[in-house]
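A quick write-up on the structure given underneath.
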Amino acid sequence: MKKVSVIIPCYNEEQSLQRLYEALKQLMDTCNTYEWELLFVNDGSNDATLDIIRQLRSADPRVCYIDLSRNFGKERAMLAGFDHVTGDCTAIIDADLQHP
């Protein structure tokens, strides 16, 4: 089975992460012809972003994360994600629910 990885750079996204995860979970559960990996990259957030990501990980093994030591910027967060994904293809989405 092919695996789809989704990289999600995050910086102070505590307000949207749960809704984003619920939307992605619905997609993953509906499109079960693929294996899925959600890779959240915490880019030095100073809110509860990392705590929420850890809660998501504890509830769903498809959720993975990287915790960067400080804010490096979205582009470097994406590159860190590319270094760690394991899928056959990779997509990048923003954590703010602006992608359709």
Side-chain angles (χ1 to χ4, degrees):
M1 181 180 298
K2 297 288 186 177
K3 185 181 211 178
V4 177
S5 296
V6 181
I7 298 172
I8 308 158
C10 301
Y11 180 71
N12 294 339
E13 304 289 350
E14 69 181 4
Q15 297 298 317
S16 62
L17 283 182
Q18 189 63 45
R19 287 191 335 242
L20 171 67
Y21 170 73
E22 291 301 326
L24 290 171
K25 183 179 184 311
Q26 183 178 7
L27 170 70
M28 294 185 298
D29 292 346
T30 303
C31 189
N32 57 11
T33 56
Y34 297 101
E35 187 178 346
W36 291 88
E37 170 185 52
L38 302 179
L39 179 61
F40 291 88
V41 182
N42 182 43
D43 190 20
S45 297
N46 53 26
D47 64 358
T49 295
L50 182 59
D51 294 332
I52 294 167
I53 294 169
R54 286 180 174 151
Q55 290 170 4
L56 295 173
R57 169 64 185 170
S58 69
D60 189 339
R62 299 173 294 189
V63 173
C64 303
Y65 69 92
I66 299 169
D67 182 28
L68 300 180
S69 62
R70 64 175 178 84
N71 180 261
F72 288 93
K74 181 179 178 181
E75 290 76 16
R76 294 221 174 148
M78 291 186 301
L79 287 173
F82 280 121
D83 286 341
H84 289 87
V85 290
T86 61
D88 297 296
C89 72
T90 302
I92 302 170
I93 63 169
D94 292 338
D96 60 6
L97 294 167
Q98 295 301 308
H99 288 108

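Numbers for residues simply follow the sequence, beginning at 1.
Contact record, S16 with D96: OG-CA, 4.0 Å, taken as the closest heavy-atom pair. The two residues I8 and A95 have their closest heavy-atom pair at CG2-CB, 3.8 Å. Contact between E35 and M1 at its shortest, heavy atoms only, is N-SD, 3.4 Å.
Linking ILVMFWY side-chain heavy atoms closer than 4.5 Å, directly or via other members, places L97 and V6 in a single hydrophobic cluster. Both Y34 and V63 sit in one connected hydrophobic cluster of ILVMFWY residues. Membership requires side-chain heavy atoms under 4.5 Å apart, directly or through other members. No chain of hydrophobic side-chain contacts below 4.5 Å, direct or via other Ile, Leu, Val, Met, Phe, Trp or Tyr residues, connects W36 to L39. In the hydrophobic clustering of this structure, L24 groups with I52; members are Ile, Leu, Val, Met, Phe, Trp, Tyr whose side-chain heavy atoms approach within less than 4.5 Å, directly or through other members. V41 and L38 fall into different hydrophobic clusters, defined by Ile, Leu, Val, Met, Phe, Trp and Tyr side-chain heavy atoms under 4.5 Å apart, directly or through other members.
Proximity of K74 to D94: side-chain heavy atoms (C-beta onward) are separated by under 4.5 Å at one or more points. Residues Y65 and L50 form a side-chain contact, since some pair of their non-hydrogen atoms from C-beta on lies under 4.5 Å apart. Under the 4.5 Å side-chain criterion, counting only non-hydrogen atoms from C-beta, E13 is not in contact with S45. Counting only heavy atoms from C-beta outward, the side chains of D60 and Y21 approach each other to under 4.5 Å. In this structure, the side chains of I93 and L20 come closer than 4.5 Å at one or more pairs of heavy atoms. Contact of the I66 side chain with the D83 side chain is not registered, since no non-hydrogen atoms from C-beta on lie closer than 4.5 Å.
Taken to the nearest 0.5 Å, the CD1 atom of I53 stands 12.5 Å off from the OG atom of S58. Rounded to the nearest 0.5 Å, atoms CG (D67) and CG (D43) are 10.0 Å apart. I92 contributes atom CD1, which lies 11.0 Å from atom OG of S5 (distance to the nearest 0.5 angstrom). Rounded to the nearest 0.5 angstrom, R54 CZ and R57 CZ are separated by 12.5 Å. In this structure, CG on N71 lies 5.0 Å from OH on Y11, to the nearest 0.5 angstrom. The line from OG1 of T86 to CD of E37 is 3.5 Å long, rounded to the nearest 0.5 Å.
Remark: R70 qualifies as a cation-pi partner of F72 under the 6.0 Å distance and 45° angle criteria applied to the six-membered ring.
Side-chain atoms of Q18 and E22 include a donor-acceptor pair closer than 3.5 Å.
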Could you check K2 against C89 for side chain to side chain contact (heavy atoms under 4.5 Å, CB included), going step by step and ending with a plain yes or no?
CA-CA 8 Å; K2 297 288 186 177; C89 72; over 6 Å; no
Working note: L56 + F40, criterion side chain to side chain contact (heavy atoms under 4.5 Å, CB included); need CA distance, chi angles, decisive distance, verdict.
CA-CA 10 Å; L56 295 173; F40 291 88; 4.2 Å; yes
